[in-house]
Amino acid sequence: MLRTRGDRIAEYATCAVTVLVLLVLYAPILVSAVFSVVEIRRGEILWETFTFRHYVTLWSNASVIDALANTAIVAICSAGIASILAVLLALYTEWHGAIARTALTLLIYLPFLLPPIVTGLALLVASANADMDRSVLTIIIGHTIFVLAVAYRLVLTRLQALPPTLIEASFDLGASRWQTLRYVLLPHLASSILTGALLALTLSFDETLISSFVAGNEMTLPLRLWAMMRVGFTPEINALVTLVLLVSMALALAAASLLRPKGEPEED
Amino acid sequence: MSLELRKVRKVYGSIEVLPSFSLEIADGEFLTLLGPSGSGKTTVLRLIGGFAAADGGTILFEGADITRLPANKRPFNTVFQDYALFPHMTVAQNAGYGPLVQRRDPVKSKKLVDETLEIVGLTEFRDRYPAQLSGGQRQRVALARAMVCEPRVILLDEPLAALDAGLRRQMQLFLKQTQRRIRTTFVFVTHDQDEAITMSDRIVVMDQGRLEQLGTPKELYYQPRTRFVAGFFGDNNLIGGTLSVAARVETPLGSLPVAAADGLSPGTSVLLAVRPEALRLGNGEAAIAADVEEIVFGGASTRLLLRASAAPHLRLDVRLASDFRAQMPEVGQRVTVTYDPADAVVVPA
Amino acid sequence: MPTRGLRGLIFAAVAALPAVVILVPLGSFLVMSVARAEKHRIIYDWTLQNYVNFLGNWTYLSTFLGTLWLCLEVVLLSLIVGYPIAWYIWRQKSWKRYALLQLAALPLFMSYIVKLYTLRSMLGLNGLVNQALVSLGILEQPSQVFLYNQRAVLITMTVIYLPYVVLPIFLSLERIPRSLLQASTDLGAGGWDTFRRVVLPLSMPGTIAGALFAFVLALGDFITPQMVGGTTGFTIGRVIFSQFGLAFDWPFGASMAAILLLVALLLIVAAGYAASRRRV
C-alpha cells in the first residue's frame, strides 16, 4: 500500500504513545528488579550496595514464605478444579443440551463480569451464613468461581470449532462414547484446557480484591504485600516480587503461545 | 493508449512476482488478465490500482506517470474479490461512499447513485444492508459503488469466484452488458479460461509473472504461440515431435501435417496442437490409428478418449457432434482419425 | 461409559455446583442488604431502611456519584490512550504485531499490588514524575498534586486497567477485513476519512467492551483509592469495604454493593444491546 504523509504522522504519533505507555506499564517489574539488587537514595543509585543477597535471605522470611505457599496452594487447586469444571460444563452446555443453558452460561461468566467487591462480599456473607470459618478453602472457592469463566470460555471456543462430523465419524467407525471422548474430544481440547489452566493459575496468583473478603486470618501473597505497602517494600520483598512477576509473566506467555494461531502469510 | 505498464517489476520478500511486465490497455476495452494462481495477474491489478508499489518500471495513464500516485488519487476503481462492502452501511450508502469522501456535490451525487442503482437493478434494495443481500446482489453493489465514482478504468479482481455456476454465467453477461453500456475500460482478473473467452475483447495470458500471449479470445484459442497457452485453453491434444521441412512434424505417430510454422526453423522440438473438435473419424492427409478407450456421451457432443496405436502412452481427445442415428465406434475398437492441416498449429516444446 | 440417565445426573450435578457457589452467595448478599445490624448481630427483618439511609444521605450519595464520575473519567482517559495503542499494534505486521500485542497484554498478569506500589512511589514527592518534571524545568520544586487525591486515583486506575481496554479494541480492529480499507482508499478516501467512516464504526463493539471492562473494574476497586487516594480520593468501594471492617455494618455495606451490582448489570446489558445492534 502506498502510504501518504498523514498515515505516517499518525503512525509515528501512535508509536510514541505506545512506547511511552509500555514503559509505564513495565515500570513495576523494572523498579522491583532494580530495588532488589541495589539501594537508591535521593534518586541516585548506590552501586556499592549491589548484591543478590536478598534473593537468598528472602527464603527465611517465614511470613512471606507462608503467604507464598498459601497462594500457590490456592492457585493450583482453583486452576485445577476450574479446568475440570470447565470441560464438564462446556460438554454439558454444548453437547448434552443443558437445561437452562443461557442462564447457566450467564451464571458462569457472572463472577468475572461483576465488580470483584460484589463477588467477594457475597461469598463472605454466604460463608458467614453457613457458619463456615474463613480459610484457605473459602479462598479456593472464591478463586475457582472467578477463574472458571476464563477456562470455560477457552474450552467452549475450541469445542465449537470442532466439526460435529468428527464425532459422528468416530461413532461411525464403531467407537464408544468413552473412546470418542478419550481419543477424539480430549486430544482436541487439550491445548485449550492447558491454556485455560495457565491463565487461571496466573489470575488466581494475583487475585486480591475477592481474597480480601474471604481470606479471614489467612494470608495470600497479594494480601501480605498490601499490608506491607504501608511501610514500604524491603529489598527482600522486591526480590520476591521480581521473581513472582517473572514467573507469572512466563506462565502468561506460555499460555499465549499455546493460543497463537498458526501463522497465515499475509500479503502487503 | 490510455493505460500503459512499462517494464514493471514487483518483488515480495525474496520472490520476484513480476520480473519485467509491459502492457498497453486501450480506452474502453474489456481486457482480461488470465493465468493460474501465482501467475502474477492479481499483482498487476494491485499495481494498477495503487494497492502495491512497483519496485521498478513505470505506470502511465494518458501519458502521465502515476507509478507513485496513491490509490485514492487514481481515477480507477476496484471491484474486490470478496466485494469489500462496508457492513455498517446500506446499499445506497455504500454506493454513495466515493462521492462522499471525494467531497462532491451531495445533490448531484444522490442523483448519480440513484441512476447507477437503477442500471444495476438494485433500486428497491437501496436501504438494505450487505448482510441482507444475496451473493449476486452484493456483486452488483460492488460494481455500482465503483461506477458511481465515474472512473476511467474499473478493475475487477476475480469478482465472480464466489458465485455458483448458474449465477456466474448470469453475472458474466451482466458485466459484459454493463461494460458496453458505460464504455469504461474494464480490467478483469480471472483464472477461468471460459470466463475470459466469453467476456473479453482481449486477453492477456500470464504465467509465472510473464506475459505469455496477448490477443483476442479467438486468436488465443485457435493460434496459441506458446506451449503454456496451447495447454491452457480447452483440452488441446498436444503431440510432441520435431519440425521438418514443408510444414510437417515428425512424431511417434508418423509425419503429421500442420498449417504453417512461422518463425520456427526445421529441426526444432515442437508440440503439435489439435483441438478435440478438429479431430474426426476417417482418413485423410493426416491419419492416426488409435484404440477407443472410453466413450462419454455429453449431450450436444460426444467425447472419445483414444490411445494411439503407435505410441500407447499418447492419448487423444476427440469431440464429435452427437448424432442419434449415427453409428459410433465401440470401446476397444481400432479407428483412424484425421484433421484438416489448417486446424493444427505448432508451438515450441 | 455410564448410561444416558446417569450421565445426565452427573452433568446436572456439575451444573448445580457453580449454581450453588455463585447463585447462593449472590442471593444471601441481597438478603443481607435488607437486614439490619444491631450490636454485632444481624437481624433479618426485610427492611429497606439501608437503601433509604444511603439515598437520603448526601455524603454517601455524593460519594457514589463522585465514584461514577471517576469511573467515567477512567474510561475516557483509557480510551484516549488505549485506542491509539490498539490502532498502532493493529497497523503492524506479522511478528512485530504479535510481540506488541503480548507486551500490551502481559501487564494484565503482573501483580496488582506491585503496580499500585510502584505507581505510588512514581507519583510521590520524590517520585519519578516529580523528578522528571523538575529536571525538565516544568516544575520548580517537587509537587504533591500527583498523590493522595482524586487525580492520583484516576491516573493509577487508568494505568492498571488500560490493557483491558487495549485488547478488545485490538480484537475488533483485527476483525475488519483489509479489503474494506483498500476499498475505502480506492473510492478516494484519505486516511482520516477511512478511519472515521470505516475503522472507527467497525471497531465500536470492541471499544464498547473495553469501556465496559474499565468502568466496572474501576467501580468496584477499593484498594487503589485507599492506597493512593488519600482523604479526597474517597470512593463507594472504600465505603463498602469499611462496613465489613471497622464500621461493621454488613447490611448497610451489602445494600450499597447491591446498588453497585445494579449499575454494573445495567451497563453490561446496555453494552450488550449496543454491540448487538451494530450490523457487523
Side-chain angles (χ1 to χ4, degrees), chain A residues 4 6-7 10-11 14-15 17-18 21-22 24-29 31-32 43 85 88-89 92 96 98 104 107-108 110-111 113-118 121-126 129 141 145 148 176-178 202 206 208-209 213 222 225-226 229 233 241 244-245 248-249 252-253 256 260 266, chain C residues 1 11 14-15 17-19 21-26 28-29 32 81 84-85 87-89 91 93-94 98 100 102-107 109-118 122 126 131 159 162 190-192 216 219-223 227 237 240-241 244 250 253-254 257 260-261 264 268:
Chain A
T4 63
D7 290 344
E11 196 107 341
T14 51
C15 177
V17 174
T18 307
V21 168
L22 283 180
V24 174
L25 288 179
Y26 282 86
I29 177 104
V31 170
S32 315
L85 277 180
L88 290 170
L89 286 169
Y92 183 50
H96 196 266
L104 184 60
L107 209 58
I108 295 167
L110 212 52
L113 291 174
L114 290 182
I117 191 170
V118 171
L121 75 83
L123 285 167
L124 169 62
V125 170
N129 282 353
I141 294 174
I145 65 167
L148 179 62
S176 69
R177 280 185 169 273
W178 169 247
T202 46
D206 182 34
T208 317
L209 295 168
F213 282 97
L225 292 175
W226 182 22
M229 245 185 98
F233 289 179
V241 163
V244 167
L245 287 184
S248 44
M249 285 186 352
L253 272 179
R260 182 177 190 180
E266 196 180 331
Chain C
M1 197 67 188
F11 276 134
V14 168
L17 199 63
V21 268
I22 296 166
L23 215 51
V24 170
L26 279 177
S28 31
F29 127 80
M32 177 66 78
V81 180
I85 297 177
W87 186 86
Y88 178 74
I89 299 175
R91 296 277 295 198
K93 280 177 203 150
S94 57
Y98 188 67
L100 277 171
Q102 281 195 333
L103 275 179
L106 219 45
F109 302 98
M110 289 181 355
S111 168
Y112 163 72
I113 294 290
V114 174
K115 274 186 250 182
L116 268 184
Y117 180 77
T118 315
M122 281 169 75
N126 294 317
Q131 285 186 11
V159 170
L162 195 60
W192 174 242
V216 172
L219 188 63
D221 188 354
F222 52 90
I223 298 185
M227 297 329 280
I240 295 173
F241 189 64
F244 290 83
W250 286 22
L260 211 71
L261 172 66
I268 291 170

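Here is the naming used below: chain letters follow the sequence lines, and residue numbers restart at 1 for every chain. What you are looking at is a predicted structure, and each value in this text was computed from that prediction instead of being measured.
- Here the closest non-hydrogen pair linking C:Leu106 and A:Ala252 is CD1-CB, 3.7 Å.
- Counting all heavy atoms, side chain and backbone alike, C:Ile22 lies closest to A:Ile108 at CD1-CA, 4.5 Å.
- When each of A:Leu148, A:Thr202, A:Leu110, A:Ile29 is scored by its heavy-atom pairs under 4.5 Å with chain C, the top score falls to A:Thr202.
- Of the listed residues C:Ala264, C:Ala19, C:Ser111, the one with more heavy-atom pairs under 4.5 angstrom with chain A than any other is C:Ser111.
- Taking every heavy atom of both residues into account, C:Gly220 and A:Pro115 meet most closely at CA-CB, 3.8 Å.
- Atom CG of A:Leu121 and atom CH2 of C:Trp250 lie 9.0 Å apart (nearest 0.5 Å).
- Among the candidates C:Val21, C:Ile85, C:Leu100, C:Leu17, the residue making the largest number of heavy-atom pairs closer than 4.5 Å to chain A is C:Ile85.
- If you tally non-hydrogen atom pairs under 4.5 Å between each of C:Ile223, C:Val216, C:Ile240 and chain A, the highest count goes to C:Ile223.
- Of the listed residues A:Leu22, A:Val125, A:Leu245, the one with more heavy-atom pairs under 4.5 angstrom with chain C than any other is A:Val125.
- Ranked by heavy-atom pairs under 4.5 Å with chain A, the list C:Phe244, C:Trp87, C:Tyr88 is led by C:Tyr88.
- A:Leu88 touches chain C through backbone and side chain together, each having a heavy atom under 4.5 Å away.
- Note: A:Phe233 and C:Tyr117 have parallel aromatic rings, judged against thresholds of 30 and 60 degrees for the angle between ring planes.
- Rounding to the nearest 0.5 Å places CD1 of C:Ile268 at 5.5 Å from CG of A:Leu114.
- Of the listed residues (C:Ile113, C:Val114, C:Thr118), just one forms a side chain to side chain contact (heavy atoms under 4.5 Å, CB included) with A:Val241, and that residue is C:Val114.
- Between the side chain of A:Asp206 and the main chain of C:Phe109, no donor-acceptor pair closer than 3.5 Å is present.
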Between A:Leu25 and C:Met110, does the side-chain contact (heavy atoms from CB on, under 4.5 Å) criterion hold? Intermediate values first, please. CA-CA 9 Å; A:Leu25 288 179; C:Met110 289 181 355; 5.8 Å; no
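- Between C:Gly237 and A:Ile117 the shortest heavy-atom distance is O-CD1, 3.7 Å.
- Side chain of A:Tyr26 to backbone of C:Leu103: a donor-acceptor contact under 3.5 angstrom is found.
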